[in-house]
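Proteins get letters first, then strands, A, B, ... in listed order; numbering begins at 1 in each.
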Amino acid sequence: EPEVTQTPSHQVTQMGQEVILRCVPISNHLYFYWYRQILGQKVEFLVSFYNNEISEKSEIFDDQFSVERPDGSNFTLKIRSTKLEDSAMYFCASSDPGLSSGNTIYFGEGSWLTVV
Amino acid sequence: QKEVEQDPGPLSVPEGAIVSLNCTYSNSAFQYFMWYRQYSRKGPELLMYTYSSGNKEDGRFTAQVDKSSKYISLFIRDSQPSDSATYLCAMSAVWNTGNQFYFGTGTSLTVIP
């Protein structure tokens, strides 16, 4: 079964450092997303990406965040200068409403980011 | 007003019980309805998907959508300890501006052996 894959599974970084989280969405999907989940809290939308540009972003997705699709398969989230409150699980996801399987969103296993 | 409302629980039931999980929503444009299961520190896993109103059954799981009431449910029959997880409802519509999904806060379920 196709799946969304994410790397790294866990990263520890010092405050102020830059972090890049990587994702390989499902190959025939066209919409890509990043979500965040602080431990014990709800899943929060960060950004959606379609046709090589951001289609929507939340208030959380401020100037320290950026996304990129550097090639035909990878989708990355960069956090420029990490803060303690960025510690969370980051989920990549993908969807394609045009598929006969319907409009569903599939998540990766997450990248756990710890900022110290 | 939140787009999707879900009782966070926690919900604790004995093994073998029937579990009912529910969400309400406000936007009548939603057409696609999903339930996800999330184990601790794992990604949400798609359990059930329904388009528009009606019921859908998959093994011990039944999803119901009542668009007139803006209410969706997930029933788990013969619940097992392995069903202990957080259950998220989600819904979507395809807008001109993109393809957005709206999630409930999740209901934490514990099935006691």
Would you give the length of the straight line joining atom CZ of A/Phe107 to atom CD of B/Gln38, rounded to the nearest 0.5 angstrom? 8.5 Å
Decide yes or no on ring pair (Phe, Tyr, Trp, His ring centres under 6.0 Å) for A/Tyr35 and B/Phe103, but give the supporting numbers first. CA-CA 11 Å; A/Tyr35 288 81; B/Phe103 287 85; 5.5 Å; yes
Pairs in or reaching into residues 11-39 of chain A: which pass salt bridge (charged side-chain N to carboxylate O under 4.0 Å, His left out), with residues at least two apart or in two chains? A/Arg36-A/Glu44
State, yes or no, whether a side-chain contact exists between B/Leu46 and A/Tyr106 at a heavy-atom distance under 4.5 Å. yes
All ring-ring contact (aromatic ring centres under 6.0 Å, His included) counterparts of B/Tyr39, not counting sequence neighbours: none
Are A/Ile60 and A/Leu77 co-members of a hydrophobic cluster defined by side-chain heavy atoms under 4.5 Å apart? yes
Rounded to the nearest 0.5 angstrom, the CD1-CD distance for A/Ile105 and B/Gln100 is 8.0 Å
Check A/Phe91 against B/Gly43 and note the closest heavy-atom contact, atom names and distance. CE2-CA, 3.2 Å
Rounded at 0.5 Å granularity, tell me how far NZ in A/Lys42 sits from OG1 in B/Thr86. 14.5 Å
Rounded to the nearest 0.5 angstrom, the CZ-CD distance for B/Arg41 and A/Glu109 is 13.5 Å
If you draw a 6.0 Å radius around CD in A/Gln14, do more than 12 non-hydrogen atoms from other residues or ligands fall strictly inside? no
Side-chain heavy atoms nearer than 4.5 Å, only ILVMFWY residues, links allowed to pass through others: does that put A/Phe45 and A/Leu113 together? no
Counting only heavy atoms not in A/Asp63, do more than 12 sit closer than 6.0 Å to its CG atom? no
Heavy-atom proximity to chain B below 4.5 Å, by part of A/Gln41: neither
Please determine whether side-chain contact (heavy atoms from CB on, under 4.5 Å) holds for the pair B/Phe101 and A/Tyr33, giving the CA-CA distance in whole Å, both sets of side-chain angles, and the decisive distance to 0.1 Å. CA-CA 10 Å; B/Phe101 293 82; A/Tyr33 311 81; 3.4 Å; yes
Looking at NZ of B/Lys42 and CH2 of A/Trp112, how far apart are the two atoms once the value is rounded to the nearest 0.5 Å? 13.0 Å
For atom NZ of B/Lys67, is the number of surrounding heavy atoms from other residues, nucleotides or ligands below 6.0 Å larger than 12? yes
Where does A/Leu39 contact chain B at under 4.5 Å (heavy atoms): side chain, backbone, both or neither? side chain
Less than 4.5 Å to any heavy atom of chain A: does that hold for the side chain of B/Phe33, its backbone, both, or neither? neither
With hydrophobic residues grouped by side-chain heavy-atom distances under 4.5 Å, do A/Phe61 and A/Met89 end up in a single group? no
